[in-house]
Amino acid sequence: MIDKDLIHIGVPMFLDFISEVELLLTGALDRCGYKVEEGVNNLGLDLCPHADLASSVAFRLAPVLKKSPVAIAKEIHQAISPEYKYVERVELAGPYLNFYMSRLFLNAVLARALADNAWTGRMTEKVIVEHTSANPDGPLHVGHIRNSVIGDTLVRILRRAGCTVDAEYYVNDMGRQEAMVVVGCDHFQLDGSKADHAIARVYIAANKEMETNPGIRAEADQVILRYEAGDPEITAKIQSAVKYAIGGIEETLHRMNIRHDSYHWESEFVRNGSVAEVVGLLEKTGLTEWEDGAYQLDLNNYGFEKKMVLKRTNGTSLYITRDLAYHRWKSANSDRSVDILGADHKLVSGQLRTALRLLDVREPEVVIFEFVSLPTGSMSTRKGKFISADELIDEVEKQAFEEVKTRRPEESEDFLREVARQVAQGAVRYDVVKVSADKATTFDWKQALDFEKLSAPFIQYSHARACSIIRKGDQTHQTPEQEIQEFQADLLTGENEVALIKKIAEFDLIIDRAARELKPHHLATYARELAECFNHFYRFSPVLDAAPELRDARMALARAARNALRTTLETLGISALETM
RNA sequence: GGGCGCGUGGCCUAGUCCGGAUAAGGCGGCAGCCUCCUAAGCUGUAGAUCGGGGGUUCGAAUCCCCCCGCGCCCGCCA
């Protein structure tokens with residue numbers, strides 16, 4: 001039987017196991033009269049293959065105490081209090097101290113994983129995550145979606161960690177790019193294709209036209225000037241073009257299971273006076289000056305060679321100035337604000353943060369991702385050189401459809417289409433999120449269309465297998481509630497079973513880390529490991545054919561694994577398909 | 001030229017922040033497993049001077065310095 005009280009005490013997960021180990025270690029160190037320096041991980045705790053948690057603290061003490069690490073570890077080991085709950089035993093392995101999880105802990109993890117809403121972290125901050133924010137001058141391409149997927153996954157991770165998150169899209173309606181779109185609309189006809197693609201066509205055409213017709217540039221300048229002045233005709237034109245493009249972009253985002261909670265147009269901050277206000281505040285720093293007819297901020301003392309231009313010669317504002325106002329607003333309306341930006345924004349986001357510091361405004365946490373390029377070179381919307389997200393999703397869906405059709409030929413067309421859609425959505429997201437943001441990548445069709453182990457379908461498939469077992473088990477046996485009450489968790493002693501429970505326990509640690517470090521790829525790695533653990537369990541621990549009591553225990557584990565897989569997939573924004 | 005980032009088996013990547021016990025996966029090779037809960041799965045096998053060189057340390061893929069290669073940036077664009 002599982003200890004039902006544990007469910008109510010709540011949260012017996014990996015972080016609690018770690019807490020207990022820390023308590024045991026610091027207690028033992030005290031008793032020995034040893035002191036470790038303050039610092040991150042000063043107890044030398046580490047996940048490793050030899051133990052559930054290992055400490056190399058003896059190495060750190062050795063130079064100070066002038067004793068061998070082995071001798072120190074031995075002393076600490078002997079001084080460790082025998083009173084523990086989640087720890088089963090502490091082993092001395094030379095200079096290392098190895099901690100192992102107790103049965104009580106494993107059973108508690110299982111109980112928790114079986115409960116509803118088992119995984120909500122303890123963070124309480126209000127967080128604004130700004131992501132995507134692509135210019136409304138064309139469709140999202142395979143570079144943009146790195147921003148979208150990283151951003152949306154972080155939104156989900158932060159929510160899972162307990163935060164209240166607002167996902168925001170910052171719309172660049174005042175920039176030169178949008179002015180070019182309006183000029184493009186004046187000279188060329190929007191065709192009937194998907195809105196964002198149609199906008200891209202006139203935008204590309206206008207840029208091409210500009211090569212031979214310098215008048216185009218002047219027209220764009222006029223648009224910028226008149227929009228900033230609030231000219232109603234231009235305002236109507238820009239608003240309709242922006243809304244049209246954003247509509248198409250949203251459609252693409254929805255295909256990837258991505259939604260924003262709010263949109264902020266940069267013009268909003270010009271119209272409500274906060275851009276002017278920010279410029280005024282910067283003036284008080286004494287670092288601003290008029291140079292070459294433009295209003296500039298000198299950040300030379302802060303390591304920036306180039307001055308930051310706040311206003312053009314013709315008086316209009318620039319992206320960075322408007323962004324400053326937006327960030328001031330974000331900081332005032334959140335406890336944490338996070339920006340997802342491409343590598344080309346490194347310098348400018350540094351300038352932005354410096355300027356905010358001067359204004360005594362909390363800086364955003366900036367997640368920079370490196371570029372996605374094509375085998376033929378870098379992408380450019382302006383030059384029409386890109387693979388659109390829509391094209392990618394279409395291809396992946398087509399491939400997924402063929403795969404499902406081969407495996408489930410008896411199923412209806414609707415079923416195949418729906419599974420293919422959700423597999424494709426997951427495949428695209430996982431393919432992006434699995435790589436660390438600071439790695440530059442080259443887009444590869446072969447890899448995008450690979451549905452094997454290092455992919456979303458692998459994880460979705462594990463989940464579907466768990467569901468299949470549960471479905472079959474429920475048909476022949478009692479209700480889920482009864483099973484949860486009655487199974488004997490202590491029977492789950494197989495190597496694969498224990499490994500699976502431990503992997504399930506790790507979830508809160510991964511979420512906590514990913515939420516603090518803003519590294520969504522940790523969760524992608526975890527998802528693969530969890531699926532792998534489940535597949536081993538599936539392969540080596542038959543559930544339905546096991547003896548009755550073992551069968552019930554394994555059913556419970558299958559259910560716990562299903563919950564963990566489902567939660568992990570949902571946090572990655574990937575559909576947890578029950579059959580595929 | 002300067003700044004930032006990256007360099008891990010043939011290819012793609014995790015591990016690097018916070019140094020610890022045999023460098024972990026995938027793709028592709030090779031050899032196996034469907035009268036057995038969905039084979040989008042599982043098992044085994046071959047394959048790595050962790051870009052190069054110095055340094056710090058009891059210990060370096062991880063920290064420091066130099067060099068090489070690749071990417072991004074250095075607009076009154078965003």
Side-chain angles (χ1 to χ4, degrees), chain A residues 39-42 44-46 48-51 54 56 58-60 62-63 68-69 93-96 98 133-135 137 172 174-178 180 266 291-296 303-307 309-314 316 318-320 323 342-348 350 368 370-371 373 378 382 400 403-404 406-408 423 427 434-436 438-442 444 446-447 450-462 464-473 517 519 521-522 524-525 528-529 531-532 535-536 538-546 554 558 579-580:
Chain A
V40 183
N41 196 19
N42 55 356
L45 295 177
D46 201 12
C48 79
H50 311 282
S56 58
F59 282 108
R60 289 161 202 244
S68 81
Y96 299 97
N98 289 340
S133 302
N135 292 335
D137 57 16
N172 298 312
M174 297 197 96
R176 181 163 295 278
Q177 280 78 357
E178 204 49 32
M180 283 300 284
E266 48 180 358
E291 196 180 299
D292 304 327
Y295 199 52
Q296 316 204 3
F304 297 98
E305 228 175 277
K306 298 275 165 156
K307 288 182 181 142
V309 178
L310 300 171
K311 267 193 230 172
R312 292 192 180 95
T313 310
N314 68 9
T316 54
L318 282 113
Y319 171 83
I320 185 120
D323 209 19
D344 52 338
H345 284 67
K346 269 186 238 184
L347 180 67
V348 82
I368 297 282
E370 293 293 327
F371 267 44
S373 55
S378 57
R382 186 166 43 85
E403 299 266 350
V404 199
T406 320
R407 286 164 228 281
R408 308 291 293 274
V423 164
K434 72 182 180 190
V435 182
S436 153
D438 41 35
K439 223 89 162 188
T441 61
T442 304
D444 179 358
K446 184 176 171 287
Q447 218 173 306
D450 179 8
F451 298 150
E452 287 180 58
K453 203 166 187 174
L454 213 61
S455 72
F458 174 81
I459 304 153
Q460 289 174 308
Y461 186 64
S462 299
R465 281 173 140 187
C467 290
S468 173
I469 293 176
I470 294 161
R471 217 166 24 240
K472 292 201 167 135
E517 297 173 17
K519 302 231 162 123
H521 76 277
H522 289 325
T525 303
R528 195 210 80 231
E529 290 170 356
E532 215 162 33
N535 284 342
H536 291 161
Y538 183 93
R539 167 74 178 76
F540 296 107
S541 297
V543 178
L544 301 178
D545 292 336
R554 285 182 176 170
T579 176
M580 60 188 279

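Below, chain A is the first sequence line, B the second, and so on; all start at residue 1.
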First of Asn314(A) and Ala531(A) reached from the 5' end of RNA chain B, by closest nucleotide: Ala531(A)
5'-most by nearest nucleotide on RNA chain B - Phe458(A) or Lys306(A): Phe458(A)
Does [X] have a side-chain nitrogen or oxygen under 4.0 Å from the phosphate oxygens OP1 or OP2 of [N]?
X: Arg312(A); N: C77(B); answer: yes
X: His50(A); N: U22(B); answer: no
X: Tyr538(A); N: A39(B); answer: yes
X: Arg382(A); N: C77(B); answer: no
X: His522(A); N: G15(B); answer: yes
X: Asn172(A); N: A78(B); answer: no
X: Lys446(A); N: C12(B); answer: no
X: Lys346(A); N: C4(B); answer: no

Nearest to the side chain of [X], heavy atoms from C-beta on, is which of [options]?
X: Arg465(A); options: A39(B), A78(B), U13(B); result: A39(B)
X: Asn41(A); options: C18(B), G26(B), C37(B); result: C18(B)
X: Leu454(A); options: C42(B), C37(B), G26(B); result: G26(B)
X: Gln447(A); options: C42(B), C12(B), A14(B); result: C12(B)
X: Asn98(A); options: A21(B), C42(B), C77(B); result: A21(B)
X: Asp450(A); options: C37(B), C42(B), C27(B); result: C27(B)
X: Phe59(A); options: C58(B), U8(B), G41(B); result: C58(B)
X: Asp344(A); options: A21(B), A78(B), C76(B); result: A78(B)
X: Lys453(A); options: G71(B), C77(B), G26(B); result: G26(B)
X: Gln177(A); options: U13(B), C37(B), A78(B); result: A78(B)

Reckon [X] touches a base, only the sugar-phosphate, or nothing at all at heavy-atom distances under 4.0 Å?
X: Leu347(A); result: sugar-phosphate
X: Glu529(A); result: nothing
X: Ser133(A); result: nothing
X: Ser436(A); result: sugar-phosphate
X: Val543(A); result: base
X: His345(A); result: base
X: Ala54(A); result: base
X: Arg471(A); result: nothing

What integer distance in Å separates [X]:[atom1] from [N]:[atom2]?
X: Glu452(A); N: G28(B); atom1: CD; atom2: P; result: 5 Å
X: Leu318(A); N: G75(B); atom1: CG; atom2: C1'; result: 10 Å
X: Lys434(A); N: G25(B); atom1: NZ; atom2: P; result: 16 Å
X: Asp46(A); N: A23(B); atom1: CG; atom2: C1'; result: 14 Å
X: Glu305(A); N: C73(B); atom1: CD; atom2: P; result: 17 Å
X: Ile368(A); N: G5(B); atom1: CD1; atom2: P; result: 11 Å
X: Lys439(A); N: C70(B); atom1: NZ; atom2: P; result: 18 Å

With [atom1] as the reference atom in both, quote the distance from [N] to [M] in angstrom, rounded to an integer.
N: G1(B); M: C17(B); atom1: C1'; result: 30 Å
N: C18(B); M: C63(B); atom1: P; result: 8 Å
N: A21(B); M: G54(B); atom1: C1'; result: 27 Å
N: A14(B); M: G26(B); atom1: P; result: 15 Å
N: C73(B); M: C11(B); atom1: C1'; result: 29 Å
N: G53(B); M: A60(B); atom1: P; result: 14 Å
N: C12(B); M: C50(B); atom1: C1'; result: 16 Å
N: G15(B); M: U62(B); atom1: C1'; result: 9 Å

Taking side-chain hydrogen bond (donor to acceptor under 3.5 Å, both in side chains) as the definition, give me every residue that meets it alongside [X], ordered by chain and number, with sequence neighbours left out.
X: Arg312(A); value: Thr316(A)
X: Glu370(A); value: Lys346(A)
X: Ser56(A); value: none

[atom1] of [X] to [atom2] of [Y]: how many Å apart, nearest 0.5 Å?
X: Met580(A); Y: Ser468(A); atom1: CE; atom2: OG; answer: 12.5 Å
X: Gln447(A); Y: Lys434(A); atom1: CD; atom2: NZ; answer: 5.0 Å
X: Leu318(A); Y: Gln296(A); atom1: CG; atom2: CD; answer: 10.0 Å
X: Ser455(A); Y: Gln460(A); atom1: OG; atom2: CD; answer: 8.0 Å
X: Glu178(A); Y: Asp137(A); atom1: CD; atom2: CG; answer: 6.5 Å

C34(B), syn or anti by chi within 90 degrees of zero: syn
Between Thr579(A) and Arg408(A), a side-chain donor and acceptor under 3.5 Å: yes
Non-neighbouring partners of Phe59(A) that pass ring-ring contact (aromatic ring centres under 6.0 Å, His included), sequence neighbours left out: Tyr96(A)
Pair assignment for RNA chain B - dot-bracket with | for other-strand partners, Watson-Crick or G-U under 3.5 Å: (((((((..((((......[...)))).(((((.......))))).....(((((..]....))))))))))))....
Salt bridge (charged side-chain N to carboxylate O under 4.0 Å, His left out) partners of Arg176(A), counting only residues at least two apart: Asp221(A)
